[in-house]
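We count residues from 1, following the sequence as given. Computed from a predicted structure; not experimentally measured. Just so you know, ligand 1 is whichever comes first in the structure, and atom 1 is the first atom listed for that ligand.
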Amino acid sequence: FNVYGAPVIGEHERWLGIVIVFQDITELKRLEQIRKDFVANVSHELRTPVTSIKGFSETLLDGAYKDTETLLSFLEIVHTESNRLEMLINDLLDLSKVEQSGFRVNAQPMNMEAVIKRAREMIQPKIDEKSIHLKLEIQPINVLGDANRLIQVMMNLLINAVTYSSNHTEITIRLFRKDNRAIIQVEDQGIGIESSEIERLFERFYRVDRARSRNSGGTGLGLSIVKHLIEAHHGQVEVDSTVGVGTTFTIYLPLAI
Ligand code: ADP
């Protein structure tokens with residue numbers, strides 16, 4: 001609590017009493033903490049690849065470049081870490097854009113099936129790498145949306161589904177209509193998520209297993225971006241998951257009439 005006090009003085013400078021104000025700053029403190037955590041997280045996430053790039057390039061400059069094998073393997077690391085930095089910066093810029101209160105999507109009637117197929121095409125190499133079987137259960141439905149932004153949403157959900165699944169499992173994408181809304185589901189047979197973690201899943205940089213998720217190449221910002229984008233479409237996103245069984249992300253979007 002913040003506490004302020006002030007005397008109440010009436011006519012002829014007569015003391016009438018004291019006003020004491022108790023201001024509940026729980027919410028302010030919470031927001032301040034979120035902001036501090038965010039800055040700390042960004043700094044940490046940026047520092048990790050930079051430290052690595054600096055370290056490996058310095059070792060090369062100190063003479064390690066003379067050994068071709070070392071040269072190639074260190075350059076490979078520098079390249080991977082630069083890619084990670086680029087992804088992180090792109091996601092941070094995008095998140096700051098979609099988080100702004102004035103952010104709007106350019107929603108138009110569009111074919112959701114085409115969006116799903118486009119996202120799938122982009123992820124196909126990752127799906128093949130893990131010999132995952134992708135099942136499509138799709139009805140022809142037009143939604144009110146921004147095609148590029150919805151491709152981005154679908155790619156994020158699909159990359160996660162593949163990342164957190166074992167080889168030779170199945171991922172199902174569904175598109176159907178219910179109660180005047182379009183429903184899109186991405187269901188995997190992956191590691192699943194504890195119910196206690198689900199509430200925080202859409203927070204910036206929140207990862208169930210920090211080390212594992214970071215090694216898998218994600219930035220920890222994907223689901224925050226997805227939530228903002230779906231809300232900008234006047235839609236909703238939900239998660240249903242069982243540890244060891246799998247996870248289903250469900251998106252609700254307005255239909256195009
Ligand atoms: P990341 O880049 O780490 O994947 P996201 O914001 O996309 O970040 O996801 C946040 C966290 O949610 C992930 O680190 C992971 O722990 C968990 N997660 C997301 N999708 C799935 C999924 N399909 N199965 C299991 N865990 C998931």
Side-chain angles (χ1 to χ4, degrees), residues 34 37-38 40-49 80-81 83-99 116 119-120 122-123 125-127 129-136 149-174 183-232 236-251:
I34 289 176
D37 288 350
F38 181 64
N41 274 325
V42 171
S43 315
H44 177 78
E45 298 288 335
L46 290 173
R47 184 158 347 121
T48 313
T80 309
E81 294 301 307
N83 277 340
R84 176 199 278 294
L85 260 185
E86 186 183 34
M87 241 168 55
L88 194 61
I89 291 166
N90 286 342
D91 272 3
L92 278 170
L93 288 174
D94 205 27
L95 183 67
S96 93
K97 184 170 172 186
V98 302
E99 268 186 347
I116 292 173
R120 184 189 77 167
M122 318 258 274
I123 311 299
K126 280 181 189 292
I127 295 174
E129 219 173 274
K130 287 185 119 172
S131 307
I132 285 176
H133 179 231
L134 189 77
K135 229 165 80 181
L136 297 185
R149 287 306 200 170
L150 291 178
I151 291 172
Q152 185 184 359
V153 165
M154 290 310 296
M155 280 180 59
N156 264 305
L157 296 185
L158 276 174
I159 290 174
N160 280 347
V162 174
T163 303
Y164 303 105
S165 289
S166 312
N167 291 357
H168 305 289
T169 52
E170 196 169 87
I171 294 176
T172 310
I173 307 178
R174 294 189 196 88
I183 299 190
I184 302 120
Q185 289 184 315
V186 178
E187 179 178 337
D188 66 51
Q189 299 173 335
I191 59 174
I193 304 160
E194 294 276 0
S195 49
S196 57
E197 310 271 4
I198 288 202
E199 195 185 333
R200 302 197 55 194
L201 219 56
F202 294 95
E203 285 177 23
R204 303 175 291 193
F205 288 121
Y206 190 75
R207 288 157 164 151
V208 175
D209 179 341
R210 280 188 87 92
R212 177 183 195 147
S213 304
R214 189 175 299 117
N215 288 339
S216 70
T219 61
L221 296 175
L223 286 181
S224 313
I225 296 175
V226 163
K227 191 168 161 63
H228 282 289
L229 285 177
I230 292 302
E231 286 175 354
Q236 271 168 274
V237 50
E238 285 174 2
V239 195
D240 186 29
S241 187
T242 310
V243 172
V245 177
T247 304
T248 304
F249 280 86
T250 304
I251 286 173

Contact check: S224 vs ligand 1, nitrogen or oxygen atoms, below 3.5 angstrom: no

task: Enumerate the atoms of ligand 1 whose separation from the nearest heavy atom of F249 is less than 4.0 angstrom.
output: 20 (N), 23 (N)

- prompt: Judged by non-hydrogen atoms, does N156 sit under 4.0 Å from ligand 1?
  reply: no

- prompt: What do you reckon, does G190 put a non-hydrogen atom under 4.0 Å from ligand 1?
  reply: no

message: I'd like the name of whichever of Y206, F205, Y164, F202 reaches closest to atom 11 (C) of ligand 1 through any heavy atom.
response: Y206

task: Can you see which heavy atom on T247 is nearest to which on G192, and at what distance?
output: OG1-CA, 3.5 Å

Contacting atoms of ligand 1, where contact means under 4.0 angstrom from a heavy atom of G218: 2 (O)

query: Can you tell which of V237, N156, N160 makes a side chain to side chain contact (heavy atoms under 4.5 Å, CB included) with L223?
result: N160

field: Donor-acceptor under 3.5 Å (K130 side chain, V162 main chain)
entry: yes

- prompt: Does any N/O atom on I191 come nearer than 3.5 Å to any N/O atom on ligand 1?
  reply: no

field: Contact atoms of ligand 1, heavy-atom distance to G220 under 4.0 Å
entry: 1 (P), 2 (O), 3 (O), 6 (O), 8 (O)

- prompt: Can an N or O of G192 be found at a distance shorter than 3.5 Å from an N or O of ligand 1?
  reply: no

query: Given the rule in the side-chain contact (heavy atoms from CB on, under 4.5 Å) test, do I184 and M154 qualify, once you have shown the distances and angles that lead to the verdict?
result: CA-CA 9 Å; I184 302 120; M154 290 310 296; 3.8 Å; yes

message: For I171, run the side chain to side chain contact (heavy atoms under 4.5 Å, CB included) check against D188, L157, L136 and tell me which one passes.
response: D188

- prompt: Under 3.5 Å between some N or O of ligand 1 and some N or O of T219?
  reply: yes

query: What do the steps show when you test T250 against D240 for side-chain contact (heavy atoms from CB on, under 4.5 Å), and what is the final call?
result: CA-CA 8 Å; T250 304; D240 186 29; 5.9 Å; no

query: Is any N or O atom of I193, backbone or side chain, closer than 3.5 Å to an N or O atom of ligand 1?
result: no

- prompt: Can you list the atoms of ligand 1 that are under 4.0 Å from a heavy atom of V208?
  reply: 16 (O)

message: Residue-level breakdown please: for D188 versus ligand 1, do any non-hydrogen atoms fall below 4.0 Å on the side chain, on the backbone, on both, or on neither?
response: side chain

field: Side chain to side chain, I34 and R204, heavy atoms closer than 4.5 Å
entry: yes

task: Not counting sequence neighbours, which residues clear side-chain contact (heavy atoms from CB on, under 4.5 Å) with E194? List them please.
output: S196, E197, V243

- prompt: Checking D94 side chain against N90 main chain: does a donor-acceptor pair fall under 3.5 Å?
  reply: no

